[in-house]
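These notes are about the structure you will find just below.
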Amino acid sequence: MSTSAIRKDRAHVVRNYVDLATKVADLQFRNRDFVLMFRGQSGDHKNRLGYTSLKPSLLRAEKSGRVPTEATLNKSFERLVHAEVALVKEYKARGLLGRDRLERQRILRWAMIQHYEICPTPLLDVTQSLRIAASFASHHANGDAFLFVLGIPNVSGAITASAEAGIQTVRLASVCPPTAVRPHVQEGYLLGEYPECATAEQKLLYSHAEMDFGRRLIAKFRFEPKSFWKKSGHFPLVGESALYPRASIDGMCALADAVRSSLPV
């Protein structure tokens with residue numbers, strides 16, 4: 001099937017974790033040139049043409065359903081810049097490892113801001129753990145949970161950029177300081193455009209369809225969380241307290257709270 005057909009079609013139903021893992025294993029075998037990444041959601045969000053849309057938080061449709069305007073994008077990017085400055089300041093004040101890299105590379109600042117939900121960024125959270133993605137989807141679902149499988153070019157090192165594919169991948173465990181526990185628990189990665197667009201003016205040079213990671217969709221699944229995990233045996237649901245370690249465990253939580261509270265309303 002084409003990516004367009006997959007995005008337009010209904011999600012495939014899976015009964016339990018083993019059923020899901022078996023189907024993903026088949027996908028990996030048939031898509032051996034890609035690294036598979038997963039994203040769990042409470043719904044299959046569609047664009048106006050009815051295609052599955054997987055956009056970064058900064059670029060998602062407004063409550064009205066309309067795409068963000070230039071004014072909205074400008075405000076979002078201004079807020080993001082404030083967050084970057086505050087993040088570096090807190091990093092220095094706390095004497096955390098990796099300060100030089102953080103100051104030099106915008107994509108690293110965005111990665112931490114996105115993963116710790118400080119404010120919207122042009123990056124999309126994904127994971128290399130199928131069970132983590134399925135657990136995420138389950139915790140936020142009111143009905144069926146959804147899991148999306150994306151095909152990503154080969155990943156190597158902390159940041160992998162592909163000019164041909166127009167994508168860069170950040171491995172969070174390699175860029176966050178040792179005090180950050182959440183990226184390791186979640187096996188988190190972030191996807192962004194390459195080269196990155198850092199202003200609303202740059203974003204407006206691209207159509208919104210071009211900035212949608214739904215273009216990399218290989219498959220999508222859905223399941224009813226309660227029955228899914230009940231039938232999954234030795235593969236239980238990962239609890240929310242494990243997915244989001246407390247501040248007493250994860251030292252980045254307090255830093256993220258400080259940065260978030262410093263941002264303009």
Side-chain angles (χ1 to χ4, degrees), residues 3-4 6-8 11 37-88 105-127 133 136-137 140-142 146 148 150 152 159 161-162 165-170 172 188-217 220 256 259-265:
T3 298
S4 294
I6 294 168
R7 294 175 69 186
K8 194 85 169 180
M37 294 286 180
F38 312 106
R39 180 173 172 84
Q41 294 185 175
S42 59
D44 182 8
H45 306 299
K46 305 288 185 73
N47 62 21
R48 292 187 175 185
L49 296 177
Y51 293 97
T52 292
S53 179
L54 296 171
K55 286 186 176 181
S57 54
L58 190 144
L59 303 173
R60 288 175 197 158
E62 299 172 343
K63 291 182 180 180
S64 62
R66 297 180 179 178
V67 298
T69 63
E70 183 175 0
T72 299
L73 286 175
N74 274 323
K75 187 174 181 179
S76 296
F77 274 108
E78 287 172 10
R79 189 174 173 83
L80 179 56
V81 170
H82 279 288
E84 290 181 61
V85 173
L87 178 68
V88 172
Q105 295 180 280
R106 178 190 293 122
I107 191 74
L108 299 188
R109 300 193 293 273
W110 286 2
M112 292 183 202
I113 290 168
Q114 175 64 36
H115 192 63
Y116 280 88
E117 302 171 299
I118 294 171
C119 72
T121 76
L123 303 182
L124 183 74
D125 280 292
V126 293
T127 176
F136 265 122
H140 297 97
N142 292 319
F146 290 80
F148 303 91
L150 296 93
I152 307 301
I159 304 173
S162 171
I167 189 172
Q168 52 186 330
T169 309
V170 181
L172 278 164
Y189 286 73
L190 285 158
L191 305 180
E193 298 168 0
Y194 181 81
E196 64 209 44
C197 293
T199 66
E201 288 77 13
Q202 283 180 285
K203 285 294 180 189
L204 292 170
L205 296 176
Y206 297 84
S207 70
H208 281 272
E210 289 180 279
M211 298 180 285
D212 195 327
F213 287 103
R215 295 179 302 148
R216 307 206 68 86
L217 194 65
K220 55 182 176 179
V259 174
R260 196 179 297 111
S261 65
S262 73
L263 298 182
V265 178

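Because the structure is predicted, anything quoted here is derived from the model rather than measured.
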Residues forming a side-chain hydrogen bond (donor to acceptor under 3.5 Å, both in side chains) with N47, sequence neighbours excluded: none

Side chain to side chain, D212 and T52, heavy atoms closer than 4.5 Å: no

Could I get the full list of side-chain hydrogen bond (donor to acceptor under 3.5 Å, both in side chains) partners for Y51, not counting sequence neighbours? none

I'd like to check N142 versus S42 (side-chain heavy atoms, cut-off strictly below 4.5 Å). Are they in contact? no

Step by step, would you call L59 with V67 a side chain to side chain contact (heavy atoms under 4.5 Å, CB included)? CA-CA 8 Å; L59 303 173; V67 298; over 6 Å; no

Rounded to the nearest 0.5 angstrom, the CE-CG distance for M112 and L190 is 10.5 Å

Does any non-hydrogen side-chain atom of I167 lie less than 4.5 Å from one of R216? yes

For R109 and V85, indicate whether the former's side chain and the latter's backbone hold a donor-acceptor pair under 3.5 Å. no

A side-chain contact here means heavy atoms from C-beta on lying under 4.5 Å apart; do V126 and F148 qualify? no

Set of side-chain hydrogen bond (donor to acceptor under 3.5 Å, both in side chains) partners for S57, sequence neighbours left out: Q114

Start with the C-alpha distance between I118 and L263, add both sets of side-chain angles, then the distance that settles side chain to side chain contact (heavy atoms under 4.5 Å, CB included), and finish with yes or no. CA-CA 9 Å; I118 294 171; L263 298 182; 4.0 Å; yes

Qualifying residues under ring pair (Phe, Tyr, Trp, His ring centres under 6.0 Å), relative to F38, sequence neighbours excluded: none

Would you say that N74 contacts E70 through its side chain, given a criterion of any heavy-atom pair below 4.5 Å between the two side chains? yes

Sub-4.5 Å side-chain heavy-atom contact between L58 and L123: no

Which donor-acceptor pairs under 3.5 Å do side chains of residues 75-82 form with protein atoms, sequence neighbours excluded?
| unit_1 | atom_1 | unit_2 | atom_2 | d |
| --- | --- | --- | --- | --- |
| S76 | OG | T72 | O | 3.0 |
| R79 | NH1 | P264 | O | 2.2 |

Heavy-atom pair with the smallest gap, counting every atom of T169 and Y189: CG2-CD2, 3.7 Å

Looking at M37, K55, R39, which one forms a side-chain contact (heavy atoms from CB on, under 4.5 Å) with L124? R39

Non-neighbouring partners of Q105 that pass side-chain hydrogen bond (donor to acceptor under 3.5 Å, both in side chains), sequence neighbours left out: none

Smallest heavy-atom separation, K8 atom then K46 atom, equals O-NZ, 4.2 Å

Please give me the minimum heavy-atom distance between F136 and G40, naming the atom from each residue. CB-O, 4.4 Å

Under 3.5 Å, is there a donor-acceptor pair between the side chain of Q41 and the main chain of A137? no

Closest approach of G214 to L54 (non-hydrogen atoms, all atoms of both residues): N-CB, 3.8 Å

Straight-line distance of F213 CZ to I152 CD1, nearest 0.5 Å: 7.5 Å

Any donor-acceptor pair under 3.5 Å from R260 side chain to Y116 backbone: yes

